[in-house]
> 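I am attaching a structure below and will ask some questions about it afterwards.
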Amino acid sequence: MSGATASGSGKAAERTAVFVPPSQRDDQVRMRRAHAAAARKFGVEATGPEVWGWQGRTISRRAGRWWLRLLSVPEDKRGGRLWEGTAAADAALPRSVPRPRLHDLLDWSAGGQAYRAELTEYVSLPALQTGGPVLHSELELPDAWWADLRAALAAIATVATERQAVRQQWVDRNFARFLGIPAIRITDWTTGHGDLHWANLTSAPLVILDWEGWGRLPVGYDIGLLHAYSLTTPATAERIRAQFAHILSTPAGKAGELVALAQLLQVVGRGGHPELAPHLARHAQQLTGMPVPDPTS
């Protein structure tokens with residue numbers, strides 16, 4: 001994990017309001033204590049700033065040459081795709097995919113909560129966006145960086161896995177609600193990162209962070225998601241479309257992009273990324289020819 005995600009600007013945090021501590025003070029204290037306990041068990045000292053994950057589900061800190069991340073879920077929710085994602089990625093992905101390597105794992109339960117602590121390599125390179133996944137400033141990235149991203153995604157696509165990051169059932173239930181069009185049948189699937197955004201990508205040389213959600217997903221989904229998170233920065237969004245035209249300009253790529261847009265519109269409907277909402281609606285209408293429904297209704 002990159003140390004650049006450790007603090008972020010206060011304005012960025014206010015804009016996104018998703019990478020934040022738990023709403024309950026008791027949960028914040030519980031997570032901090034569990035993180036400290038994991039550090040003692042691993043024999044490391046966590047000294048870096050706190051980095052909270054999606055709505056306080058994880059807490060991470062630098063610990064010397066390591067990055068210590070703690071995940072907490074109710075005990076009856078232990079296991080599953082997100083719980084096992086980091087370890088599964090470390091075992092399955094080729095070395096050519098630039099990512100932090102997993103060093104050690106620790107699982108335990110207490111007080112009705114299950115905990116998983118992951119000790120991975122610390123990445124000193126800055127993430128390209130702090131405080132949340134939405135890009136707020138245009139990026140000037142070298143051609144070599146884009147080539148590395150294309151190569152990494154191509155290498156991920158070669159991995160055979162039964163992990164399902166996106167399901168047809170979700171498309172069937174939600175396309176009409178969030179895009180205003182009938183559900184489509186996804187026929188072209190690949191293996192991908194599943195959460196490709198700017199807080200999970202470093203500057204050159206590229207490193208891809210946060211592998212909990214990787215798995216099978218529609219062709220075009222990863223790039224469609226990255227493009228959607230860039231809609232507030234038109235030049236960068238256009239660069240993505242140019243670099244990945246061989247995917248996004250195909251029917252399969254368009255289908256995957258629509259799934260990514262629908263999922264982000266669902267997040268908007270739950271109060272996330274309000275600054276992105278009008279951009280998502282406009283772009284979805286450009287692709288479908290239909291105005292999107294109000295995602296909050």
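The figures here come from the full heavy-atom set of this structure, side chains too, leaving out hydrogens, waters and symmetry mates. Keep in mind it's a predicted model, so treat the numbers as computed, not measured.
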> Any sub-3.5 Å donor-acceptor pair from Arg99's side-chain atoms to Val97's backbone N or O?
yes

> Does Glu121 reach the main-chain N or O of Trp67 with its side chain, forming a donor-acceptor pair under 3.5 Å?
no

> For the pair Arg239 and Asp143, find out whether any cationic side-chain nitrogen is under 4.0 Å from an anionic carboxylate oxygen.
yes

> Any side-chain donor-acceptor pair under 3.5 Å between Ser109 and Arg78?
yes

> Please indicate whether Glu75 has more than 12 foreign heavy atoms, meaning atoms of other residues, nucleotides or ligands, lying under 6.0 Å from its CD.
yes

> Assess whether atom CD of Gln286 is packed by more than 12 heavy atoms of other residues, nucleotides or ligands within 6.0 Å.
yes

> Is Glu138 reaching over with its side chain to a backbone N or O of Thr236, donor-acceptor style, under 3.5 angstrom?
yes

> Around atom CD of Gln24, are there more than 12 heavy atoms from other residues, nucleotides or ligands closer than 6.0 Å?
no

> Taking NZ, NE, NH1 and NH2 as the nitrogens, is one of them in Glu118 or Arg69 under 4.0 Å from a carboxylate oxygen of the other?
yes

> Would you mind checking if Glu257 and Arg241 are paired as a salt bridge, meaning a charged N to carboxylate O distance below 4.0 Å?
yes

> Kindly say whether Leu105 contributes a backbone atom to a donor-acceptor pair with the side chain of Arg116 at under 3.5 angstrom?
no

> Are side-chain N/O atoms of Trp198 and Ser230 paired as donor and acceptor at under 3.5 Å?
yes

> Please name the residue in the list Arg61, Arg32, His35 that meets the side-chain hydrogen bond (donor to acceptor under 3.5 Å, both in side chains) test with Glu50.
Arg32

> With no hydrogens and no angle check, is any side-chain donor or acceptor of Glu212 less than 3.5 Å from a backbone partner on Trp83?
no

